[in-house]
Amino acid sequence: MFSKKMQDALNNQVLVEAQSSQIYLAMASWAEIQPGIDNVTAFFYRHSDEERMHMLKLIHFINERGGFAVVPALEQPALTYPSIHHAFKELLNHEIYVSECINNLVGISLDERDYATHNFLQWYVAEQIEEEALARVCNDKLELIGDDRGGLYLFDQDILKVNVVGAVE
Ligand code: FEO
């Protein structure tokens, strides 16, 4: 059964995913006006698109279960970052937060004995493992690079190879 509590919690996740998309869109716009990080820029734009797909997946699920998915108002995200390192740190921290939200949802689905939602959420559980891992790899590389401009150039090349996980299904 699809309870009001479950529906409200899923609608809150619609907001979290939409806000994630907005945050990464702002990172992309900021990165786009920085010199020489075209691939990082593309990475953020793509990541933003994927978060939108995460949101849409939730919206369809809520409505298909007989609920009503609420399209939320969004907060203005951070528009600029002191460095690319800061942006990627924020990406990691944000994904850790999203994972907590997903874990919380899974807990509610078990409390509510809503196994259909529990099953649906497993895709997000797996997705978060991959997204956090990817964000950690990027942060580790940036830590190695430090302030080295050549290193940053290579990072931008390297990110081309990164297959952003959780590609749209
Ligand atoms: Fe949809 Fe990056 O969490």
Side-chain angles (χ1 to χ4, degrees), residues 6-32 37 39-65 67-81 84-110 114 116-143 155-156 158-169:
M6 192 75 256
Q7 186 181 163
D8 289 349
L10 287 169
N11 264 319
N12 186 61
Q13 192 63 26
V14 169
L15 169 62
V16 170
E17 301 292 348
Q19 193 66 45
S20 302
S21 178
Q22 203 77 340
I23 290 168
Y24 301 149
L25 183 61
M27 282 182 187
S29 179
W30 170 78
E32 197 162 32
I37 52 168
N39 297 323
V40 167
T41 298
F43 168 86
F44 285 137
Y45 274 122
R46 201 164 54 162
H47 213 345
S48 174
D49 285 347
E50 287 182 2
E51 298 300 350
R52 179 176 156 77
M53 290 311 296
H54 297 174
M55 175 194 69
L56 285 173
K57 213 173 159 79
L58 281 157
I59 286 176
H60 294 318
F61 180 76
I62 294 165
N63 288 335
E64 281 164 9
R65 296 283 316 273
F68 175 53
V70 178
V71 175
L74 301 178
E75 280 174 31
Q76 172 92 70
L79 297 179
T80 61
Y81 291 88
I84 188 171
H85 299 61
H86 287 80
F88 274 90
K89 193 83 193 155
E90 177 54 30
L91 176 92
L92 174 59
N93 288 339
H94 188 74
E95 288 304 329
I96 290 170
Y97 164 70
V98 175
S99 296
E100 285 168 6
C101 294
I102 296 294
N103 286 343
N104 189 40
L105 277 176
V106 172
I108 294 170
S109 71
L110 289 175
D114 183 342
T117 299
H118 183 268
N119 184 53
F120 168 77
L121 289 171
Q122 297 314 302
W123 183 87
Y124 288 85
V125 170
E127 174 71 10
Q128 282 314 119
I129 293 169
E130 291 184 7
E131 290 212 354
E132 274 192 47
L134 173 63
R136 285 204 169 83
V137 166
C138 290
N139 274 275
D140 289 349
K141 286 181 179 175
L142 285 166
E143 203 166 306
F155 179 81
D156 190 66
D158 203 41
I159 210 160
L160 260 182
K161 286 183 266 165
V162 172
N163 181 15
V164 177
V165 285
V168 174
E169 294 195 333

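Both ligands and their constituent atoms are indexed starting at 1 by order of listing.
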Which residues and atoms, counting only protein N, O or S, are under 2.8 Å from atom 2 (Fe) of ligand 1? Glu51 OE2, Glu95 OE1, Glu95 OE2, Glu131 OE1
Closest heavy-atom pair and its distance - Tyr45, Ser29: OH-CA, 3.9 Å
Under the criterion side chain to side chain contact (heavy atoms under 4.5 Å, CB included), which of His85, Met27, Glu95 is the partner of Glu90? Met27
Picking from Phe88, Phe155, Tyr24, what satisfies ring pair (Phe, Tyr, Trp, His ring centres under 6.0 Å) with Phe43? Phe88
Residues forming a side chain to side chain donor-acceptor pair (under 3.5 Å) with Arg65, sequence neighbours excluded: Asp114, Thr117
Flag for Glu132-Gln128: side-chain donor and acceptor within less than 3.5 Å: no
With a 6.0 Å cut-off (strictly less than), is the heavy-atom count around CD of Glu143, excluding the residue itself, greater than 12? no
